Amino acid sequence: MSEEGVHKTRGYSEGFVDRSLKNLGTDTLDLVQLHCPPTEVYYRPEVFGALDDLVSRGKIRRYGVSVEKVEEGLKVIEYDNVDSVQIIYNIFRQRPAELFLPEARRRHKAVIARVPLASGLLTGKMLPDTDFAPDDHRHFNRDGAAFDKGETFAGVPYDVALESVEALRLLLPAEAVMAQVALRWILIQEAVTVVIPGAKTPEQANSNAAASGLPMLPEDLMAGVREIYETRIRPHVHHRW
């Protein structure tokens with residue numbers, strides 16, 4: 001990148017940070033994350049140099065990146081000062097566990113698991129005729145028309161996902177809350193630092209938080225989840241993200 005481009009990169013980064021500092025009424029941001037930048041950004045050290053500069057000047061304490069693909073996650077953790085990586089990881093998106101999560105743990109990087117309930121699928125509450133509002137990405141982005149398809153239902157075709165949810169339901173005790181089990185499944189992975197599920201009500205937020213207190217999931221359940229992924233889900237998502 002040219003010297004002019006470097007200055008523009010630094011200016012954009014600082015401009016965004018300054019606006020956030022003003023809006024929040026604070027002097028320092030604890031964590032700034034780049035959200036799913038184009039793949040080429042991961043190969044531009046000057047972008048991360050601009051963030052390093054903001055750290056050295058006290059405007060931010062730490063920074064990280066939200067990624068779409070495992071390959072992007074593996075690339076970005078090569079930068080020593082990247083502290084966190086936000087990545088889609090759930091029962092329907094298991095590929096990160098193969099290589100990325102062990103490597104992130106080895107490099108002492110925080111891992112933030114996003115889309116943990118696969119856009120609500122893993123609550124077990126959706127039906128074939130569930131109606132989504134026109135401005136809901138679950139209505140307009142199933143085929144990736146607006147942004148990366150993997151952000152909506154974890155990239156799994158809706159009909160396949162619903163059938164897989166029903167197979168998952170058969171593995172659970174009658175009293176189990178599927179969303180809690182799905183979150184606990186993620187938290188079993190020691191490399192995961194935190195899970196960020198959405199919630200529309202205080203009750204949902206409290207229920208999600210309670211997932212961390214569940215006991216270890218039994219081995220037969222873990223094996224069943226793996227089988228559902230391998231036989232039903234993997235062909236649709238594993239090679240893409």
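All of these numbers come straight from a predicted model, not from anything done at the bench. When reading the values below, keep in mind they use all heavy atoms of this one structure, side chains included, and skip hydrogens, waters and symmetry mates.
- Taking 4.5 Å as the limit, every side-chain heavy atom of L170 sits out of range of all side-chain heavy atoms of E166.
- Cluster membership check: F132 does not share its hydrophobic cluster with L127, using side-chain heavy-atom separations under 4.5 Å among Ile, Leu, Val, Met, Phe, Trp and Tyr.
- Pairing each heavy atom of A182 with each of L122, the nearest pair is CB-CB, 4.0 Å.
- Under a cut-off of 6.0 angstrom, the local environment of CD in E71 is crowded, with over 12 non-hydrogen atoms contributed by other residues, nucleotides or ligands.
- Atom CD of residue Q86 and atom CD of residue E68 lie 10.5 Å apart, to the nearest 0.5 angstrom.
- Counting only residues at least two apart or on different chains, the ring-ring contact (aromatic ring centres under 6.0 Å, His included) pairs with a member in residues 182-240 are Y89-W185, Y229-H238.
- Counting heavy atoms from C-beta outward, S84 and L31 have side chains that approach closer than 4.5 Å.
- Sorted by first and then second residue, the salt bridge (Lys or Arg N to Asp or Glu O under 4.0 Å) pairs involving residues 145-164 (not counting sequence neighbours) are R114-E151.
- Relative ring orientation between H137 and F147 is described as tilted, the plane-to-plane angle lying within the 30° to 60° band.
- Here salt bridge (Lys or Arg N to Asp or Glu O under 4.0 Å) pairs that include residues 22-41, with residues two or more places apart or in two chains, are D30-R61, E40-R44.
- No option in Y43, Y79, Y42 other than Y79 meets the ring pair (Phe, Tyr, Trp, His ring centres under 6.0 Å) test with F48.
- Within the 4.5 Å cutoff, the side chain of I186 has heavy atoms near those of the N90 side chain.
- Although no hydrogens or angles enter the test, the distance criterion places no donor-acceptor pair under 3.5 Å between the side chain of R95 and the main chain of V70.
- Scanning both residues, G198 and N208, for their nearest heavy atoms gives O-ND2, 3.3 Å.
- The side-chain heavy atoms of L51 and V82, taken from C-beta on, include no pair separated by under 4.5 Å.
- Counting all heavy atoms, side chain and backbone alike, A211 lies closest to R184 at O-CD, 3.2 Å.
- Between V76 and L34, every side-chain heavy-atom pair lies at or beyond the 4.5 Å cut-off.
- At a threshold of 4.5 Å between non-hydrogen side-chain atoms, the residues R226 and Q94 count as touching.
- Scanning all heavy atoms of the two residues, the minimum distance from G150 to I88 falls at O-CD1, 3.4 Å.
- V85 and V194 are members of different hydrophobic clusters when ILVMFWY side chains are connected at heavy-atom separations under 4.5 Å.
- Ion pair K75/E72 not flagged as a salt bridge, since none of the NZ, NE, NH1 or NH2 atoms sits closer than 4.0 Å to an Asp/Glu carboxylate oxygen.
- Cluster annotation: L24 is connected to L21 through the hydrophobic network of ILVMFWY side chains, with a link wherever side-chain heavy atoms come within less than 4.5 Å.
- The shortest distance between side-chain heavy atoms of L217 and V225 does not fall below 4.5 Å.
- Distance check: L101 CG to K109 NZ gives 14.5 Å after rounding to the nearest 0.5 Å.
- Cluster membership check: I188 shares its hydrophobic cluster with L117, using side-chain heavy-atom separations under 4.5 Å among Ile, Leu, Val, Met, Phe, Trp and Tyr.
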Side chain to side chain contact (heavy atoms under 4.5 Å, CB included) evaluation trace for N81 with V55: CA-CA 10 Å; N81 294 334; V55 171; over 6 Å; no
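- Put simply, L168 and V160 are part of the same group of oily side chains (I, L, V, M, F, W, Y) that touch within less than 4.5 Å, one to the next.
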Verdict with supporting geometry, S164 and V156, side chain to side chain contact (heavy atoms under 4.5 Å, CB included): CA-CA 10 Å; S164 301; V156 183; 5.7 Å; no
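- Annotation for E78: atom CD counts as buried by contact number, over 12 foreign heavy atoms lying within 6.0 Å.
- To the nearest 0.5 Å, atoms OH (Y158) and CE (M126) are separated by 6.0 Å.
- Here the closest non-hydrogen pair linking P96 and P102 is O-CD, 4.2 Å.
- Atom NZ of K59 has more than 12 heavy atoms from other residues, nucleotides or ligands within 6.0 Å.
- If you take CE on M222 and CD1 on I91, they are separated by 8.5 Å, rounding to the nearest 0.5 Å.
- Residue N141 comes nearest to A146 through the heavy atom pair OD1-N, 2.8 Å, listed as atom of the first residue, atom of the second, then distance.
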Show the numbers, then the answer: is there a side chain to side chain contact (heavy atoms under 4.5 Å, CB included) between R93 and V115? CA-CA 10 Å; R93 286 278 289 273; V115 196; over 6 Å; no
Output, in order, the C-alpha distance, side-chain angles, deciding distance and verdict of side chain to side chain contact (heavy atoms under 4.5 Å, CB included) for Q33 and I112. CA-CA 11 Å; Q33 293 189 112; I112 302 170; 3.4 Å; yes
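- For the pair R142/F153, a side-chain contact is recorded, criterion being any heavy-atom separation below 4.5 Å from C-beta on.
- Heavy atoms from other residues, nucleotides or ligands lying under 6.0 Å from CZ of R62 number 12 at most.
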